[in-house]
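Below is one structure, written out as C-alpha cells; the observations come after it.
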Amino acid sequence: MAEEKALTPRSEDFSAWYNGVVQRSELAGYSPVRGCMVIRPHGYAIWELMQRALDEMFKATGHQNAYFPLFVPESFLKKEAEHVEGFAPEIALVTRGGGKELEEPLVIRPTSEAIIWPIMADWIQSYRDLPMLINQWANIVRWEMRTRPFLRTLEFLWQEGHTAHATWDDAQRETLLILGLYRKFMEEWMAMPPVTGIKTEWDKFAGADRTYACEAMMQDNWALQAGTSHNLGQNFARAFDVKYQTEEGEHEYVWSTSWGVSTRLVGGLVMTHSDDLGLVLPPKLAPIQVVIVPIWKSEDEKVRVLEAGAQLKSTLEGEIRVKFDDRDTLNPGAKYYEWEEKGVPIRLEIGPKDLEKRQVMAVLRSSADAKRRKLPIPAGDVAARVPDLLDQMQQGLLDAALRRREESSYRGVTDYEEFKKIMSTGGGFIYTGYCGAEECETKVKDDTKATIRVVPDEDFGSETVPDTCICGGAAQHEVVWARAY
RNA sequence: CGGGGCGUGGCGCAGUCCGGUAGCGCGCCUGCUUUGGGAGCAGGAGGUCCCCGGUUCGAAUCCGGGCGCCCCGACCA
C-alpha cells in the first residue's frame, strides 16, 4: 500500500520526482494547452505569500504599483533593436480581433518595456519627476519549446519593476538595490540562498547594458536563475524618446532599469527543500504552518478531542496560519501523509492520551525521519513554543541549503580535466578564472553542458582567483559555472 | 525541430501481438463498523476506448491518415 503511493525517489530520477511532488502536493496541474499550467489553490497561496513579502519590500523602498496592457503593438517592440531580436523567437502574436484582421498585429507581452516606456515618457517631464519607480504584477507569454511546471511555461506570473533615473549612478544603485532585495527575500523567506553576480555580455537581457542575477543551487546541484535585475542604460530611453528637463533646462535621456522574479520561484522552492515524502516548505511561505490532527476511538473521546482541537486552533489563530483537520472520513495516518505531502511544517496530534497528560504531540516536517520524531509539548506551552519551532525550522532549512551549496561548490579550479570530472560526477558550482572569450564558454558547454552563471559579486568571489582560465589562457576575472535550468 | 513513450471512467493502468462488443487498482457516492502512520465489509454511480476514414458479419484490437500530451536533447526566466 505505502509502496504504491510513494513518490519516485529524488535520488532515482530528479525530474520525475519534481513532477511528482508538484502534482501530488496539488501545487499545479497540466492544462489542455501545451506548455501551460494550472496553478492550484495550494500553489497559488504560496505565490500570494511571496507577492506580499516582495510587494512590501518594493513599497518600503519607494516603488509604486501600476498596471499596463497585455497587448503591445508590434511596431513598439521593434523600436529597440536588440530587444526585438532577443524576443522574436518567443513572441505570440494576435492578428485577429472582433472577427476582423487587425490593422497592426498585437504582441502578447513577453515583458513590458515596449509598452511601458512610451507611456512613462509622458509622465516624465522634469528632473523633479525622477526617480520614477514603478512595478507591476502581471502575466506574460514566452513561446518556449520545452516546458516544465513552474520552471518554464508558455504563460507565467511575475512582477516587473521599471524605473527611470537622472544619472547612470542612480540607475546602477537601483539595479543593485533590487538585486539585494531579491537576495534577502530568497534567503530570509525562501531559505534558498542564491549566489549573485553579473551576467556575461552575451547572456544579458535583450536591450540591457548590464544584467545581474540570483543563481540558486537546487538539490540536483543544477543552478536556477531565480531573479534578474537589469541596468538598461539609456537604450530604452533613446528607443522610446524618454527625456526629462534638467535643473539647467537641458533635455536629457533618462537612465532606466528593469527587474523581475516569477512563479519560477515556486519551482525553486520545491527543488531546494522537498524530499521523498513530498513538499517541504519554509514556515514563512507555508500557506498552512500548523495542522492539528485529532485522534479518537469512542464517541466520548471524539467529543472531547474535537473540543480540545478547536480550542487549540483558536489559541494559535491570528499569529499562526493554522488548520484544524476535523474530517471524520480519513483516519489519522492518512491525514499525516496528506499534510506531509503538502509541506505543512508542524503537525500537532491531539488524542485521548494527550488530553490525559495535558499535552499535544508535535511532529516537524523538516526532519527527514518525521515518522519517529515526535515532540510532546505541554498544552499550556503550545502558543509560546510553536512560533519558536517555526523560526528554528526556517533557520534550519536555510542552514541546510547553505551547507549543501558549499559542499557542492569548488573553488580555484584550473585543470579542465578536473572540471569535467566534477561536472560528470554530481556537478555543482565551479569557480574558476576566466579568459573572457565566448568561444571558451561554448566549448565547455558542448563538453559538459555547464555554462557561466555569473561573475560572482564580492560576497561570493574567492579570496584568491587563479590567474589562468580552464582553457589555459590568461584569466581576466572569476566566474561561476554550473548546469542550469 | 530531432529522438523516445503514451492516448481506454476523476487518476494510474491491463486488454492490442492472436478481432467477438470493456476490466483492475486508487478515488467518488450510500450504509454499518473503524480511527495513535495511507481502515474493513456490503452495495452503487461513472467510459464518444484521442479523431477521421478503410477492411470485416463484427474493430479498443488490423490498415491508412490526422491530432494531442508527456519525457529526453538543441533555445530560454
Side-chain angles (χ1 to χ4, degrees), chain A residues 1-6 8 13-16 18-20 23-24 26 29-36 86-91 110-111 140-160 182 199 203 205-206 211 213-216 223-230 258-268 277-278 293-299 301-302 305-306 325-341 347 349-357 360-361 363 369-374 376 445-446 449 451 453 484-485:
Chain A
M1 183 70 81
E3 293 277 312
E4 286 169 27
K5 297 190 175 183
T8 302
D13 182 341
F14 196 83
S15 179
Y18 172 80
N19 289 329
Q23 299 295 319
R24 294 275 288 278
E26 296 183 353
Y30 294 109
S31 82
V33 184
R34 178 195 80 86
C36 292
F87 282 105
E90 35 193 281
I91 287 303
T111 178
I140 60 176
V141 167
R142 296 181 185 177
W143 215 264
E144 302 290 350
M145 303 197 186
R146 182 151 138 51
T147 58
R148 307 181 54 154
F150 289 112
L151 303 177
R152 177 164 298 103
T153 47
L154 297 198
E155 179 193 4
F156 58 95
L157 306 182
W158 77 343
Q159 61 63 218
E160 47 182 321
Y182 285 163
K199 289 284 186 184
D203 199 20
F205 173 74
T211 287
C214 295
E215 297 280 340
L224 181 75
Q225 183 172 308
T228 49
S229 185
H230 318 286
S258 72
W259 28 274
V261 294
S262 72
T263 38
R264 177 179 246 203
L265 290 177
V266 178
L277 291 176
V293 178
I295 299 156
W296 66 78
K297 280 195 171 72
S298 66
E299 197 59 26
E301 284 172 353
K302 178 176 176 182
V305 161
L306 285 180
D325 187 353
D326 58 358
R327 290 175 292 178
D328 60 5
T329 49
L330 293 178
N331 69 22
K335 293 178 184 177
Y336 301 166
Y337 280 101
E338 180 174 331
W339 296 116
E340 279 166 1
E341 200 160 64
R347 174 173 75 244
E349 303 174 9
I350 179 163
K353 292 178 203 164
D354 301 303
L355 289 185
E356 217 170 282
K357 296 183 198 164
V360 300
M361 202 60 88
V363 183
D369 50 349
K371 294 185 183 183
R372 270 151 289 162
R373 296 188 58 184
K374 302 203 173 188
K445 186 179 180 183
D446 289 345
K449 286 196 263 183
T451 53
R453 302 322 304 156
Y485 280 96

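Within every chain, numbering begins at 1; the chains are lettered A, B, ... in the order of the sequence lines, protein sequences first and strands thereafter. Bear in mind that the values here come from a model prediction, so they are computed numbers and not experimental data.
Taking the P atom of each, B:C17 and B:C72 are spaced 32 Å apart, rounded to whole Å. Between B:G47 and B:C28, the distance separating the two C1' atoms is 15 Å to the nearest Å. One C1' atom belongs to B:A59, the other to B:U21, and the distance between them is 9 Å to the nearest Å.
Residue contacts for A:Thr153: at a heavy-atom cut-off of 4.0 Å it reaches a base atom on one of the strands shown. Heavy atoms of A:Thr228 sit nowhere under 4.0 angstrom from any nucleic acid atom. A:Pro89 comes within contact range of no nucleotide atom at all, as no heavy-atom separation falls under 4.0 Å. Across all strands, A:Lys445 comes closer than 4.0 Å only to sugar-phosphate atoms, never to a base (heavy-atom distances). Across all strands shown, A:Leu224 has no heavy atoms under 4.0 Å from either base or sugar-phosphate atoms. At the heavy-atom level, A:Gln225 lies under 4.0 Å from the strands shown only through sugar-phosphate atoms. Using a 4.0 Å heavy-atom distance criterion, A:Phe205 is classed as making no nucleic acid contact. If you check every strand for non-hydrogen atoms under 4.0 Å, A:Lys335 touches nothing.
Note on A:Arg146: a side-chain N or O is less than 4.0 Å away from OP1 or OP2 of B:C72. Taking side-chain N and O atoms only, A:Ser15 has a distance below 4.0 Å to OP1 or OP2 of B:C72. In this model, the phosphate group of B:C72 is not approached by any side-chain N or O of A:Lys449 to a distance below 4.0 Å at OP1 or OP2. Distances shown here put a side-chain N or O of A:Asn19 below 4.0 Å from the OP1 or OP2 atom of B:C71.
Checked against side chain to side chain contact (heavy atoms under 4.5 Å, CB included), A:Thr153 has the following partners two or more places apart in sequence or in another chain: A:Met37, A:Phe156. Checked against salt bridge (charged side-chain N to carboxylate O under 4.0 Å, His left out), A:Arg146 has no partners two or more places apart in sequence or in another chain.
For the pair A:Asn19 (side chain) and A:Ala16 (backbone), a donor-acceptor distance under 3.5 Å is absent.
For A:Glu26 and B:C11, the CD to P distance is 14 Å, given to the nearest whole Å.
Per the stacking criterion (ring centres < 5.5 Å, plane angle < 30°), A:Tyr337 stacks onto the base of B:G38.
By the neighbour-count criterion of 12 heavy atoms within 6.0 Å, atom CH2 of A:Trp143 is sparsely surrounded, having that number or fewer from other residues, nucleotides or ligands.
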Pair A:Thr211-A:His230, side chain to side chain donor-acceptor pair (under 3.5 Å): steps then yes or no: CA-CA 4 Å; A:Thr211 287; A:His230 318 286; 2.8 Å; yes
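Between A:Glu340 and A:Lys335, none of the side-chain N atoms (NZ, or NE/NH1/NH2) sits under 4.0 Å from a carboxylate O, so this pair counts as no salt bridge. Checked for salt-bridge contact, A:Arg142 and A:Glu155 miss the test: no charged N lies under 4.0 Å from a carboxylate O. At a threshold of 4.0 Å, the pair A:Glu26-A:Arg24 does not count as salt-bridged, since none of the basic side-chain nitrogens sits closer than that to a carboxylate oxygen.
For A:Glu144, the side-chain atoms get nearest to B:C75 when compared with the rest of B:G36, B:C75, B:G38.
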Could you run down the sub-3.5 Å N/O contacts of the protein with nucleotides 28-35 of chain B?
unit_1, atom_1, unit_2, atom_2, d
B:U35, O2', A:Trp296, O, 2.9
B:U35, N3, A:Trp296, NE1, 3.3
B:U35, O4, A:Trp296, NE1, 2.9

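Checking B:C11 for Watson-Crick or G-U wobble geometry (two distances, each under 3.5 Å) identifies B:G25 as its partner. For B:U48, there is no paired base (Watson-Crick or G-U wobble, both distances below 3.5 Å).
Side-chain atoms of A:Glu338 and base atoms of B:G37 include no donor and acceptor less than 3.5 Å apart.
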